[in-house]
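Take a look at the structure below.
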Amino acid sequence: MQIGHLKNLIGGEFVDASAGGTLEVTNPATAGDVVGSVPAMTADELPAVFEAARAGAAEWRRANGLTRGAVLLRTAALIREHATELRDVIVAELGKTVADAAGEVGKTAEFFEYYGGMGRDEFGGLLADGRPNTFAARVQEPLGVVVLVTPWNDPLLTPARKLGPALISGNAVVIKPASATPLILLKLAELFHEAGLPAGVLNTVTGRGRDLGDTLFVDDSIRAVSFTGSTAVGLELQRKLAGRGIRVQTEMGGKNAAVVLADADLDLAIPTIAAGAYGQAGQRCTATSRLIVQREVAAEVRERLADYVRGINVAPGTAEGVAMGPVVDEGAQQEIRGHVERAVAEGATVVARTELTGVAAEAGAFVEPTLLDVTREHNIWRTEVFGPVVGMLEVDSFEEAVEAVNDSSYGLSAAIFTQNLGSAMQFVAQVDTGQVSVNQPTSGWDIHHPFGGFKDSGSGYKEQGEVALEFYTRTKAVAIRTH
């Protein structure tokens with residue numbers, strides 16, 4: 001699919017020319033074939049973007065909830081109308097399977113429908129006041145200009161997760177997509193424009209990180225920054241913004257564990273764990289990366305999961321019957337394979353590895369889904385791989401399993417497979433992760449579920465659901481003496 005050259009939406013206009021030239025976007029399934037391009041903006045162009053955002057924020061904060069919600073709902077309707085085109089853009093620039101990309105488009109529409117409906121909800125509430133003839137209330141107000149930085153692995157869904165609560169709350173947005181997958185975000189901006197979003201409320205910035213640098217975060221009008229990406233970058237961003245009165249929300253890495261107890265239903269557990277580990281080529285922050293199995297069932301779990309791994313159909317996302325497409329680029333391909341090679345050199349054992357065939361073996365950024373036997377001394381036990389690789393560890397007890405789950409600097413998601421309600425409830429209480437599931441995968445959280453991790457996986461502000469509004473609004477207390 002050829003998408004062509006797309007322009008940035010800035011101040012209600014589609015802007016093309018950039019001092020940095022153009023940024024080409026390639027298809028990871030076809031050895032780097034160019035599928036489109038975007039302006040490669042430079043730091044010198046950002047002041048004009050924030051000027052437009054300030055104007056947009058002033059207008060959008062005056063719009064009532066019904067007006068804001070109507071724009072989000074119209075955008076959701078346009079997404080559904082253009083679903084096939086949006087799906088194909090995701091497949092072309094990221095390499096997702098058609099099924100995965102279609103699911104992402106559908107969930108994106110749901111995000112805007114969900115937050116669009118909040119236009120009719122209350123933003124505040126009445127308060128008691130002991131003084132005579134006094135009316136008191138709590139009012140939620142927009143912050144103003146917010147900056148959103150989004151990753152390449154869910155290039156439409158993650159922006160929606162942030163844009164929905166930011167816009168319904170009345171903020172203006174400056175958003176930068178990942179350089180590897182900017183096309184789908186600019187397509188979304190076109191739909192917001194068509195839906196009637198006022199000028200300056202949504203402004204897109206495309207370009208290379210080295211050209212934009214820290215300038216994206218220096219404008220005095222910025223009131224909040226929401227970032228999804230690597231832990232190293234997220235923690236550095238927190239340090240840089242400290243002391244400026246800017247709210248920072250970071251959704252970062254994960255080393256998510258699934259536990260299988262001896263009483264687990266393995267007919268349920270094996271396909272569920274496999275889907276959470278190898279779906280989307282393991283390129284999810286919530287993907288299962290560690291498998292912790294009670295020793296009594298370890299041999300059977302190993303054998304059954306190995307059979308699953310050997311049968312995964314790895315091919316371009318458009319191929320018939322494909323289960324897993326490529327990873328984002330050749331750099332990621334080499335890095336993932338390097339993690340496996342280092343683990344083996346340290347003593348880990350390859351239990352099963354998918355054999356690449358056909359196009360996947362000849363070109364493109366394809367990676368073999370892999371199952372390893374590991375120990376807690378291996379580096380891969382703690383390092384985020386962000387690819388289709390699972391390390392399996394045997395344990396003797398429930399207590400040892402919980403300890404192993406918590407043996408990580410990350411705390412995003414964890415799962416347990418058991419038929420014992422007591423074990424399930426103890427697990428929920430004892431694991432140090434922001435998301436916990438029982439007999440469900442570590443991934444797959446719905447749009448209204450609060451989302452975010454602990455420790456090095458995230459900040460104190462959750463995304464998704466009603467709690468997401470807490471990050472994008474400020475609270476004002478009002479007391480009025482009526483007479």
Side-chain angles (χ1 to χ4, degrees), residues 1-28 34-42 45-46 48-50 52-53 56 71-72 74-76 78-96 101 104-105 108-109 111-112 146-164 166-167 172-209 211-212 216 228 328:
M1 178 183 184
Q2 287 298 317
I3 301 162
H5 184 75
L6 301 182
K7 303 176 183 179
N8 276 300
L9 178 62
I10 301 172
E13 302 289 336
F14 288 97
V15 180
D16 186 10
S18 172
T22 60
L23 179 66
E24 291 186 336
V25 182
T26 59
N27 186 335
V34 176
V35 296
S37 61
V38 298
M41 296 178 66
T42 65
E45 297 169 83
L46 293 180
V49 176
F50 283 100
V71 173
L72 292 183
R74 284 196 295 270
T75 302
L78 288 170
I79 289 170
R80 295 196 183 279
E81 182 181 334
H82 294 273
T84 299
E85 177 192 359
L86 297 173
R87 177 202 70 190
D88 291 347
V89 172
I90 295 172
V91 173
E93 70 173 340
L94 181 56
K96 278 190 177 185
E104 181 171 354
V105 173
T108 297
F111 263 115
F112 294 131
V146 301
V147 174
L148 311 180
V149 181
T150 60
W152 50 261
N153 61 316
D154 286 312
L156 184 62
L157 188 64
T158 304
R161 177 184 291 133
K162 299 177 187 296
L163 283 168
L167 293 176
V173 170
V174 175
I175 183 168
K176 182 192 178 300
S179 298
T181 56
L183 299 174
I184 191 64
L185 189 278
L186 297 193
K187 284 290 186 181
L188 178 62
E190 292 176 359
L191 298 185
F192 265 109
H193 184 71
E194 184 177 345
L197 190 67
V201 177
L202 174 61
N203 307 274
T204 64
V205 173
T206 57
R208 304 173 184 87
D211 296 331
L212 296 169
L216 189 62
T228 298
V328 65

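All values derive from a computational prediction rather than experimental measurement. Just so it is clear, the values below take in all heavy atoms, side chains as well, and ignore hydrogens, waters and symmetry mates.
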> Would you call Phe112 and Leu188 a side-chain contact if the rule is heavy atoms closer than 4.5 Å?
Replying inline: yes
> Do you know which two heavy atoms are closest between His193 and Gly12, and how far apart they sit?
Replying inline: CE1-O, 3.3 Å
> Should Val205 and Val147 count as side-chain neighbours, where that means a heavy-atom distance under 4.5 Å?
Replying inline: no
> To the nearest 0.5 Å, what is the distance between CG (Leu156) and NZ (Lys96)?
Replying inline: 9.0 Å
>> Walk me through whether Leu94 and Val328 qualify under side-chain contact (heavy atoms from CB on, under 4.5 Å).
In response: CA-CA 6 Å; Leu94 181 56; Val328 65; 3.9 Å; yes
> What closest approach, in Å, do Ala40 and Ser18 show between heavy atoms, and which atom pair accounts for it?
Replying inline: O-OG, 2.7 Å
> When rounded to the nearest 0.5 angstrom, what is the spacing between CD1 in Ile10 and CG in Leu46?
Replying inline: 8.5 Å
>> Once salt bridge (charged side-chain N to carboxylate O under 4.0 Å, His left out) is applied, what residue pairs with a partner in residues 12-28 remain, sequence neighbours excluded?
In response: none
> So, does Thr26 use its side chain to make a donor-acceptor pair with the main chain of Val34 at under 3.5 Å?
Replying inline: no
>> So which atom in Val71 and which in Gly196 form the shortest heavy-atom distance, rounded to 0.1 Å?
In response: CG2-O, 4.2 Å
> Which residues satisfy the side chain to side chain donor-acceptor pair (under 3.5 Å) test with Asn8, sequence neighbours excluded?
Replying inline: Thr204, Thr206
> For the side chain of Glu93 and the backbone of Ile184, is there at least one donor-acceptor N/O pair under 3.5 Å apart?
Replying inline: yes
> How about Thr228 and Thr150: do any of their side-chain heavy atoms sit closer than 4.5 Å?
Replying inline: no
> Do you know the tightest heavy-atom contact between Ser179 and Gly207?
Replying inline: OG-O, 2.8 Å
> When Thr108 is tested against each of Leu157, Thr158, Thr75, Leu163 for side chain to side chain contact (heavy atoms under 4.5 Å, CB included), which residue passes?
Replying inline: Leu157
> Could you state the interatomic distance from CZ (Phe192) to CG (Leu167), rounded to the nearest 0.5 Å?
Replying inline: 5.5 Å
> Is any side-chain heavy atom of Val49 less than 4.5 Å from a side-chain heavy atom of Met41?
Replying inline: yes
> Pro159 and Leu185: which non-hydrogen atoms are nearest, and at how many Å?
Replying inline: CB-CD2, 3.8 Å
> For the atom pair CG (Leu197) and CZ (Arg74), what is the distance rounded to the nearest 0.5 Å?
Replying inline: 9.5 Å
> Quick one: CD on Glu85 to CD1 on Ile3, what's the gap to the nearest 0.5 Å?
Replying inline: 8.5 Å
> Is any side-chain heavy atom of Lys187 less than 4.5 Å from a side-chain heavy atom of Leu86?
Replying inline: yes
> Can you find a pair of side-chain heavy atoms, one from Leu6 and one from Glu190, that are under 4.5 Å apart?
Replying inline: yes
>> Within this structure, what is the CG-OG1 distance for the pair Asp154 and Thr181, rounded to the nearest 0.5 Å?
In response: 9.5 Å
> What is the minimum heavy-atom distance between Leu148 and Lys162, and which atoms define it?
Replying inline: CD1-CB, 3.7 Å
> Can you check whether Gly200's main-chain N or O pairs, donor with acceptor, with Asn203's side chain at less than 3.5 Å?
Replying inline: yes
>> Would the distance check show the side chain of Glu194 and the main-chain N or O of Leu78 forming a donor-acceptor pair, the cut-off being under 3.5 Å?
In response: no
> Do Val25 and Pro182 have side-chain heavy atoms sitting under 4.5 Å apart?
Replying inline: yes
>> Counting C-beta onward and ignoring hydrogens, is there a side-chain heavy-atom pair between Ile79 and Val105 closer than 4.5 Å?
In response: yes
